[in-house]
There are 2 protein chains.
Amino acid sequence: MNRAVTLSEVAREAGVSPSTVSRILNGTARVNDAKARQVRLAIEKLGYTPNTFARSLATGTSGSIGVLTPDIASPFYNDALSGIERGLMGSGYSPIIISGHWRTDEEEHAVALLLNRRVEGMIILGGQLPDHDLHALAARLPVGVLGRAIDLGAHGGVSLAMDNRQSARDLVNYLIGRGHRVIGHISGPPDHADARQRLDGYRDALQERGLRFDPALVVQGDFQESSGLIGMQRLLQGHSDMTAVFVANDQMAYGARLALYRLGLRVPEDMSLVGFDDLPGSSYTMPPLTSVRQPMAEMGQWLARYVLSRLRGEEIEPFEPRQELMLRESVASRRGR
Amino acid sequence: MNRAVTLSEVAREAGVSPSTVSRILNGTARVNDAKARQVRLAIEKLGYTPNTFARSLATGTSGSIGVLTPDIASPFYNDALSGIERGLMGSGYSPIIISGHWRTDEEEHAVALLLNRRVEGMIILGGQLPDHDLHALAARLPVGVLGRAIDLGAHGGVSLAMDNRQSARDLVNYLIGRGHRVIGHISGPPDHADARQRLDGYRDALQERGLRFDPALVVQGDFQESSGLIGMQRLLQGHSDMTAVFVANDQMAYGARLALYRLGLRVPEDMSLVGFDDLPGSSYTMPPLTSVRQPMAEMGQWLARYVLSRLRGEEIEPFEPRQELMLRESVASRRGR
DNA sequence: CTGTTAGCGCATTCAA
DNA sequence: TTGAATGCGCTAACAG
C-alpha cells in the first residue's frame, strides 16, 4: 500500500494542529465550525483513513472482541456468529473471528493471535481448548463460552452449555412414548463431548423405560452426512425389528434419510427418524425432520451482550437457553401395531 | 484488561536491552544463546504477549487481509471463506472477516473499517458494493473479487465471476434435452445480479430451442427456502402441463421440494426439479438434487493466493473456475411420453 | 476553543 | 553481538 495519509498531513492541509483534527474525529471537544469544515474538506481531499493501530496504541483500547469458532463454514456455529454480530452491533466493538479447525493447537494459536490483537473480550464457541486454558483466559479478560459445561464463575466468566444429555433423553423418550421399542442410534465421534452426552442421553432414556441397551444398535458416525448414510445401512442389517433411529446430529440424519430412500423405505411409515441441532434445512427435508433446537443465535447474541456488560461494568440479566423439541413429521406412532 | 506486559519489562527482567528482546522475538539477528534463554524465561514468567498494534505501527505492515462477505452465516459464501483460510495458511497473513449483510452502506462501512485496520489486501465476496468503490479499492491495494463480473485489470485487481447465465442456460437445456417442454422458473430477487442472470439463462435456453417464454411460468422468490415453497405452490396452480421447474438456488429448491411432497407429487416422476449452487446438503436431499456447482472453496483459495502473490510481487497462474452440472436424480426423462 | 508536549509498545537505525 | 536513540500515527493531559 502506498504510504497512507496521516492525521498530521490533514492538519497541515487544513491549517490547524493535529490535536484539533483528532478532536473533530472523535468529538472529544467542541471545535470552531469553520475549522471543522476545513478539516473535513482536507480529509476528503487527501482521502485520509485513521490508523487503528496508532489509535489503539495511544488509547490502550482495541475496540474488538475475539471470537473463536471451530469451523468458519459450520452451519451449526454460524448461527451463533450471526447472533454475536447482532449483539455487538452499535456497541462500537467489532468481532474478530478466527477458526481453530477443531484442533487444540490451532485453537491455542488463534487465542494467542487474538491476545496479540489486544481484544478486550473473547467468545469461544465449542472447540477443543483445555479447561485450564479457558480459566487462564477468563482471568485476563471477559470471556463467554458457548457449548461447553465449564464453571468460569471464579473469574466472572460465563458458559452457556446446552444439556445435550437431557435433550437426547427427551428425544428418545418421545420415541418410546410413540410406541417404539427397538431404537437405533447413530452416534457422533467419541472424542466429541456433545456426541458422548447424546449417547448417554439415549442410554438414560432406554434404561428409564426399562428397555435394554443393545450395543449392536449403536453405530458410530463422524457428524458428516456420509457417515449417516453408512451408519443407517449398517443398522439396517440384522435389525428388522428396529422401527426408529436417533441420529446424533441433523447432518448425519440427512445421510440416513437418503440410505432409507435408496432402499425404498418410507419415513416415517417404515422407519422413524430424529436428529439433533435443528439446522435451517431440517424444516425442509422430506419429511420435515424432528430434531432438537438450540437457540444458537440467541445464545451468541446474549454472550456478546454479556461481554459488553462486563466491559462496561454493568449487570446483565442471566440467560437460560431453552432447548426445544421440534416435533415434525419424521416420527410415526406405533401404538396401534 | 489489566495492563499487559511490555517488551521493555521483559528486557528489564532478563537484564538486557529492549532491542535484544525484539531481535530474539523476530530472529532479526544472531543473539548470545545464554541471553536468549534468559529472555525466553522472562517472557514465560511474565506472560508476555507482543502487541500487534505497536509492531504494525513500527513496521508499517499489518499482516492481515480483509475479507468482506455478505453474510457470515451463508452456506454458499462460507465455502469460499474456508478456501481463503486455506489459501492464507502458513503465509504469515491472517484474514479479517467482516460481513456487510447485503447492504451497501454496511459494506462500505466494513471496507472503511478494514482500511483503518490497514489490511494489506482485500477479498470481496459478492455483495452490493458499487463498481466505482471496487475500482477505488483496487487502486489502493491488491483486491480479489468473487462472484461479480467486473474488470479490475487496470489496477491489477482480479475478479472470479461465475457465468450464471451460461450455467442456467445449460441447466435448462438439459431439461429440454430430457424431453421437458413446459418448464417453470422460481427466480431470485431481481435486485440481485446473480438472480437476473439466471433468469436470462432460462430465457436464452427456451428461445434457443424454439420454446415460448411464458411470464406466467416465472414466479419470484427471495433465495430463501420458504419462498421456494410458496413459489412452487403458485406455479402449480393452472400449469397442469408443467413437468419441470428450474429453481434459481438450492435453498429455494428445498422449499419447492417440500411443496411437492405436501401435494403428494413425486420427484422426479411427477415433477423434475433442478437447483443452483450445489449446497453440501443437495447430495443428500430426496432424491439428490441436480444442480450446478461453483467451486467456491477453490475460488476462495485461489483469490487468497492471488492477493499474496501480488503482495510478494510474484506471478500466479490464472484460474478458470469451471462450473459443473451435477446431474443427480431429481430429473426424469420425458422422451417416452 | 486550540496548540504544544509527551508518551503508547515496538522495530530499526546507528554506534560501540 | 549489543545498547541507545529515534520515530511509526495518534490521543491526552497541560497550558494558554
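Please read these numbers as outputs of a predicted model, since none were measured by experiment. Letters A, B, ... mirror the listed sequences (proteins, then strands); counts begin at 1.
The side chain to side chain contact (heavy atoms under 4.5 Å, CB included) test with Arg305(A) is passed by exactly one of Ile316(A), Ile84(A), Leu88(A): Ile316(A).
The stretch residues 44-61 of chain B touches DNA chain D through Leu57(B), Ala58(B), each having a heavy atom under 4.0 angstrom from the strand.
Taking both residues in full, the closest heavy atoms of Val67(B) and Pro95(B) are given as CG2-CB, 4.0 Å, listed atom of the first, atom of the second, then distance. In terms of heavy atoms, Leu308(B) sits closest to Ser91(B) at CD1-CB, 3.6 Å.
The distance between atom CG of Asn116(A) and atom C1' of dC10(C), rounded to the nearest whole Å, is 13 Å. Atom CG of Asn26(A) is separated from atom P of dA13(D) by 13 Å (rounded to the nearest Å). For Ile43(B) and dC10(C), the CD1 to P distance is 10 Å, given to the nearest whole Å. Regarding Arg118(B), its CZ atom lies at a distance of 20 Å from the P atom of dC10(C), rounded to whole Å. The separation between Leu7(A) atom CG and dA12(D) atom C1' is 13 Å, rounded to whole Å.
Applying the ring-ring contact (aromatic ring centres under 6.0 Å, His included) rule to pairs touching residues 4-52 of chain A yields nothing, sequence neighbours excluded. Screening residues 133-157 of chain B for ring-ring contact (aromatic ring centres under 6.0 Å, His included), with sequence neighbours left out, gives His135(B)-His155(B).
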Please write out the pairs of protein N or O atoms and N or O atoms of nucleotides 1-5 of chain C separated by less than 3.5 Å, giving the distance to one decimal.
| unit_1 | atom_1 | unit_2 | atom_2 | d |
| --- | --- | --- | --- | --- |
| dT2(C) | OP2 | Asn32(A) | N | 2.7 |
| dG3(C) | OP2 | Ser17(A) | N | 3.1 |
| dG3(C) | OP2 | Ser17(A) | OG | 3.1 |
| dG3(C) | OP2 | Thr20(A) | OG1 | 2.5 |
| dG3(C) | N7 | Arg23(A) | NH2 | 2.6 |
| dG3(C) | O6 | Arg23(A) | NH1 | 3.3 |
| dG3(C) | O6 | Arg23(A) | NH2 | 3.4 |
| dT4(C) | O4 | Ser19(A) | OG | 3.0 |

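Taking five base pairs at each end of the helix from dC1(C)-dG16(D) to dA16(C)-dT1(D) and finding the rotation axis that steps the C1' atoms of four pairs onto the next four gives two axes whose angle is 40°, to the nearest 10°.
Dashed line: the shortest gap from a side-chain N or O of Thr6(A) to OP1 or OP2 of dG9(D) is not under 4.0 Å.
Side-chain atoms of Ser64(A) and Arg117(B) include no donor-acceptor pair closer than 3.5 Å. Of the N and O atoms on the side chains of Ser19(B) and Ser22(B), not one donor lies less than 3.5 Å from an acceptor on the other residue. His192(B) and Gln128(B) are not linked by any side-chain donor-acceptor pair at a separation below 3.5 angstrom, with hydrogens and angles left out of the test. His101(B) and Glu107(B) form no side-chain donor-acceptor contact under 3.5 Å, judged by distance and modelled atom types alone.
Between Phe319(A) and Trp302(A), the ring planes are parallel. Angles under 30° get that label, and only those over 60° would be called perpendicular.
Under the salt bridge (Lys or Arg N to Asp or Glu O under 4.0 Å) criterion, Asp151(A) pairs with no residue, sequence neighbours left out.
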